[in-house]
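Values in this document were obtained by computation on a predicted structure and should not be read as measured data. Below, all heavy atoms of this structure are taken into account, side chains as well, without hydrogens, waters or symmetry copies.
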Number of protein chains: 2
Amino acid sequence: MSQPQFKNWQAIQDEVLRRIHAREWPPGHVIPGEVDLAAEFGCARATVNRALRTLAEAGILERRRKAGTRVALHPVSRATVDIPIIRQEIEERGSAYGYRLVSRETALPPARARIMLCPDTPAPCLHVRALHLADDSAYTLEDRWISLTTVPEAADQAFDRISPNEWLVTTAPFTHGDIAFGAAAATAEEAGLFETETGAPVFVIDRTTWDHARAITTVRLVYAPGYRIHTGIGG
Amino acid sequence: MSQPQFKNWQAIQDEVLRRIHAREWPPGHVIPGEVDLAAEFGCARATVNRALRTLAEAGILERRRKAGTRVALHPVSRATVDIPIIRQEIEERGSAYGYRLVSRETALPPARARIMLCPDTPAPCLHVRALHLADDSAYTLEDRWISLTTVPEAADQAFDRISPNEWLVTTAPFTHGDIAFGAAAATAEEAGLFETETGAPVFVIDRTTWDHARAITTVRLVYAPGYRIHTGIGG
DNA sequence: CGCGATATTATGTATAGACATAATAATCTG
DNA sequence: CAGATTATTATGTCTATACATAATATCGCG
């Protein structure tokens, strides 16, 4: 009974994972309650709770009050992707960061951006397109619409030295956002910038951010061919 | 002083977020210690700890022992992406799931797969290619190499009714993995399956999973044109 | 003044006990 | 027997206290 005494929540988590992988607790199996496990492991219930709660957040376990804790039937692999500031991302690759403003104008946003920024009544927005370079070659093209009703200060910014990407994170923090990854065909202009052919597959990120109920900005990031988002998954 | 009494950790988290967004605590600012906040909010330190720890995990705060807690300078947006079983993903879209085995053979893996599965000495692996359909139209093509040294049972599986994707999650659970998102050009065969043209941009997921030190499988999922991974980010 | 030993401090975590909450099981009632 | 009510139960969370740990600040000494 008295196992070698699991004293911290990580050790308990490891032991639970071991039992799952060793098929002692197969998928769908309802595992003992927190009090039982605490007694078995010789620790407080709160410690077991921390271990199991963390595993539930990772998608390994499913917990429901009264019903108990069971091993997930279909352990979805939950990957957490960090999307840093572009300059930071390039510098962390060991490359020299470069920036070039492509265009900047105030206009009524097209349908796709309008739906995100001002769904009720069309309002003028700032449209900025800028190129981020890594070691003098094009890394990503930032095509951004900024709501001038939410961030009127943006109208005073030239964006010729500092990118909207960088300016916004320190100026207009968001409460929540919405992000999508996809693939697209390079336009003629993009193909020219990335030194590839029109229609070449490029990786695309679409992101919109809000401050409470008010939309701040919506951006499309088109990356150079070959770009990949890479991360680990822990089960 | 005595604010309207924040009693649970979520309320404290909301209040901390409010102060950050209201610029009371600007980026880089060192916020009061846990004991001080506990006194101000009229709750236990553990409650404050839970609130701040969760915010640190989300990337909003940066905490270091002795140094204290500060508002992150560059709040990276951390998106958590759920990658479910393909059948489940299709059914949750409200589509009818279909499956078709394309090819199945035992062979020595090519360089890309060999590096992941058996970096030391080449070993025969099972190569399965299968098509997942949503409402009778191609949804994703699964191109998978399975290590027969780690999962010898796979040799007995025909994979003509059940996909490797689904069989593996319930048979060979992984301890950790590695995942990458990218864009690629459709091959002639893929273009035929997806009813598009050769070279069309397609979204691709490459994933490799391990059971401790032994590689289980490496898979490339090629999605139909227009496919997007979508998720939210909470700041 | 430089450098290593020591003190300080904020976070990290464990514990026992208590109450809250949600979901199920059991029971009562018409 | 159906439907509403109550009891039970496992998780969720809070509290107060204690000790652990890591990083910094300070002190003492050559």
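The distance from atom CZ of B:Phe41 to atom P of D:dA16 is 16 Å, rounded to the nearest whole Å. Between A:Trp9 atom CH2 and D:dG12 atom C1' there is a gap of 17 Å when expressed in whole angstrom units. Rounded to an integer number of Å, the gap from CZ of A:Arg65 to C1' of D:dT8 is 15 Å. In this structure, CD of B:Gln10 is placed 7 Å from P of D:dT13, rounded to the nearest angstrom. Rounded to whole angstrom, the span from the CG atom of A:Leu55 across to the P atom of D:dT11 amounts to 13 Å. Whole-Å rounding puts the A:Asn49 CG to D:dT13 P distance at 8 Å. Spacing between atom CZ of B:Arg70 and atom P of D:dT24 amounts to 11 Å, rounded to whole angstrom units. Rounded to an integer number of Å, the gap from NZ of B:Lys7 to C1' of D:dG12 is 16 Å.
On the nucleic acid side, DNA chain C has its first and last nucleotide under 4.0 Å of a heavy atom of chain B at C:dT8 to C:dT13, going 5' to 3'.
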Notebook entry, point to check: When you look at A:Leu52 and A:Val16, which way does the side-chain contact (heavy atoms from CB on, under 4.5 Å) test go after all the steps?
Noted result: CA-CA 8 Å; A:Leu52 298 187; A:Val16 170; 4.1 Å; yes
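Under the 30°/60° scheme for interplanar angles, the aromatic rings of B:Tyr227 and B:Phe203 are found to be tilted.
Among the heavy atoms of the strands lying under 4.0 Å from A:Arg45 is at least one base atom, whether or not backbone atoms are also near. Among the protein residues, B:Ala67 comes within range of no part of the nucleic acid, since none of its heavy atoms lies under 4.0 Å from any strand.
Here the CD1 atom belonging to A:Ile146 is positioned 11.0 Å from the OG1 atom belonging to A:Thr218, to the nearest 0.5 angstrom.
Heavy atoms only, all atoms of each residue included: B:Ile90 and B:Ala134 are closest at CG2-CB, 3.7 Å.
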Please output the side-chain donor-acceptor pairs of residues 151-159 of chain A that fall under 3.5 Å, not counting sequence neighbours, one pair per line with the distance.
none

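Between the side chains of A:Glu89 and A:Tyr139, at least one donor N or O sits under 3.5 Å from an acceptor N or O. Side-chain N/O atoms of B:Asp178 and A:His230 include a donor and acceptor closer than 3.5 Å.
Comparing D:dT11, D:dC14, D:dT24 by their nearest atom to the side chain of A:Arg63 picks out D:dT11.
Here B:Thr47 does not reach the OP1 or OP2 of D:dT13: none of its side-chain N or O atoms lies under 4.0 Å away. Side-chain nitrogen and oxygen atoms of B:Arg50 include at least one within less than 4.0 Å of the OP1 or OP2 phosphate oxygen of D:dT13.
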